[in-house]
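Counting starts at 1 for both ligands and their atoms, following the listed order. Just so it is clear, the structure is predicted and the values come from calculations on it, not from any experiment.
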Amino acid sequence: MLNRRNFLTAAVGVVAATGLAACAKEDDSSSSSDSGSGGGKKLVLGFSQVGSESGWRSANTDSVKEAAKEAGYTLKFSDAQQKQENQISAIRSYITQGVDVIAFSPVVVTGWDAVLKEAKAKKIPVVLTDRSVETSDESLFVTLVGSDFTDEGRRAAKILEKVLEKAGHKGPVKIAQLEGTTGAAPAIERAKGFKEVMDADHADDWKIVVSQTGDFTRAGGKQVMAAFLQSNPDIDVLFAHNDDMGIGAIQAIEAAGKKPGKDILIVTVDGVKDGFIAMSEGKINAIVECNPLLGPQLMEVVQKVKDGETVERWIKTEESDFMQDQAKAALPTRKY
Ligand code: AHR
């Protein structure tokens with residue numbers, strides 16, 4: 001996985017190969033002509049998306065598709081439905097087809113070396129977007145375009161301090177954590193960043209009493225929160241790794257006769273519109289933004305990589321944090 005020390009740069013060269021295989025779940029948005037507006041050959045980008053588990057993911061997919069269209073690329077898009085094996089076969093299909101560049105948002109961090117080596121052997125550069133991987137060979141991908149999830153976890157803990165102060169909470173804090181997909185970079189790193197601040201500054205007063213995955217979905221958040229409330233009815237705080245799980249949890253909290261945002265203080269990550277609506281209704285106390293609108297930056301990087309230009313090893317996204325009292329004013333300006 002990438003960390004703050006990995007601000008190396010990488011130069012890449014590209015050889016475009018040709019081939020003709022199709023992936024079953026592939027959505028090929030190429031136009032009838034393979035020529036760009038200048039008459040040259042259009043850049044062909046193979047993109048394997050994680051799935052459609054959350055509002056964040058839908059916004060990210062739209063951003064990638066729109067930006068590829070805007071850039072005039074031929075986009076071969078596939079949705080892996082949160083399954084690593086689907087991503088691996090999509091990537092293999094892109095290799096066989098000889099796309100110019102492969103981009104993907106890895107569902108989990110491990111298990112990519114074999115397929116990335118196959119891409120490297122065919123001289124097809126790989127750009128990671130949104131999520132990172134753990135690999136034995138750093139040369140297997142060129143760059144990551146995405147957020148610093150560990151910092152998002154730290155920011156969640158820091159904003160929770162403000163939320164507790166605002167709510168006038170005194171004494172020990174019992175925290176429930178709804179984790180993202182097991183083995184996924186944002187789940188691992190958000191938990192790590194949150195714990196880092198907790199261990200450093202709140203070893204005596206904060207405790208994570210229960211923590212489980214809700215797979216980044218509303219249904220998962222609702223189901224797991226209902227179980228949390230059964231085993232730990234006195235939870236003070238919910239830290240949900242995304243808005244969707246937080247929204248699902250709100251339904252479970254209300255079904256248990258409690259008031260979300262008051263009886264249980266809630267901090268989530270993402271900042272999608274539905275999260276902001278819940279926050280403006282007083283049901284979420286703070287949101288740590290994770291920006292899904294990565295398409296334009298990704299297309300820029302893909303072009304540079306194709307042209308053999310040097311790119312930064314990690315191209316980070318700029319993000320903000322929001323407290324409940326900012327929700328109503330911010331809602332109309334939210335782009336996703
Ligand atoms: O990788 C980004 C995470 O994936 C988002 O925070 C979450 O909503 C999505 O499913």
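- Between the side chain of Gln82 and the backbone N or O of Gly51, no donor-acceptor pair lies under 3.5 Å.
- By the 6.0 Å and 45° rule, Arg334 stacks over the aromatic ring of Tyr336.
- Proximity to Pro186 (heavy-atom distance under 4.0 Å) selects the following atoms of ligand 1: 1 (O).
- Side-chain heavy atoms closer than 4.5 Å link hydrophobic residues (I, L, V, M, F, W, Y) into clusters, and following such links, even through other members, never connects Ile250 to Ile159.
- Contact atoms of ligand 1 toward Phe216: 7 (C), 10 (O) (distance under 4.0 Å to a heavy atom of the residue).
- Looking at Trp56 next to ligand 1, no N or O pair under 3.5 Å apart turns up.
- Close to ligand 1: Asp270, with a non-hydrogen atom less than 4.0 angstrom away.
- Side-chain N/O atoms of Gln49 and Asn60 include a donor and acceptor closer than 3.5 Å.
- Shown here is Glu165, whose CD atom has no more than 12 heavy atoms of other residues, nucleotides or ligands within 6.0 Å.
- Asp79 places a side-chain N or O within donor-acceptor distance of the main-chain N or O of Gln81, the cut-off being under 3.5 Å.
- When the options Arg131, Gln82, Met245 are ranked by their closest heavy atom to atom 3 (C) of ligand 1, first place goes to Arg131.
- Between Arg190, His241, Glu53, it is Glu53 that holds the heavy atom closest to atom 10 (O) of ligand 1.
- Short contacts between ligand 1 and Asp130, defined as distances under 4.0 Å to a heavy atom of the residue, involve ligand atoms 1 (O), 2 (C).
- Listed for the Asn285 side chain is no donor-acceptor partner under 3.5 Å among the backbone atoms of Met323.
- Distances shorter than 4.0 angstrom do not occur between any heavy atom of Val269 and any atom of ligand 1.
- Close contacts between ligand 1 and Ser54 involve ligand atoms 7 (C), 8 (O), 9 (C), 10 (O) [criterion: under 4.0 Å to a heavy atom].
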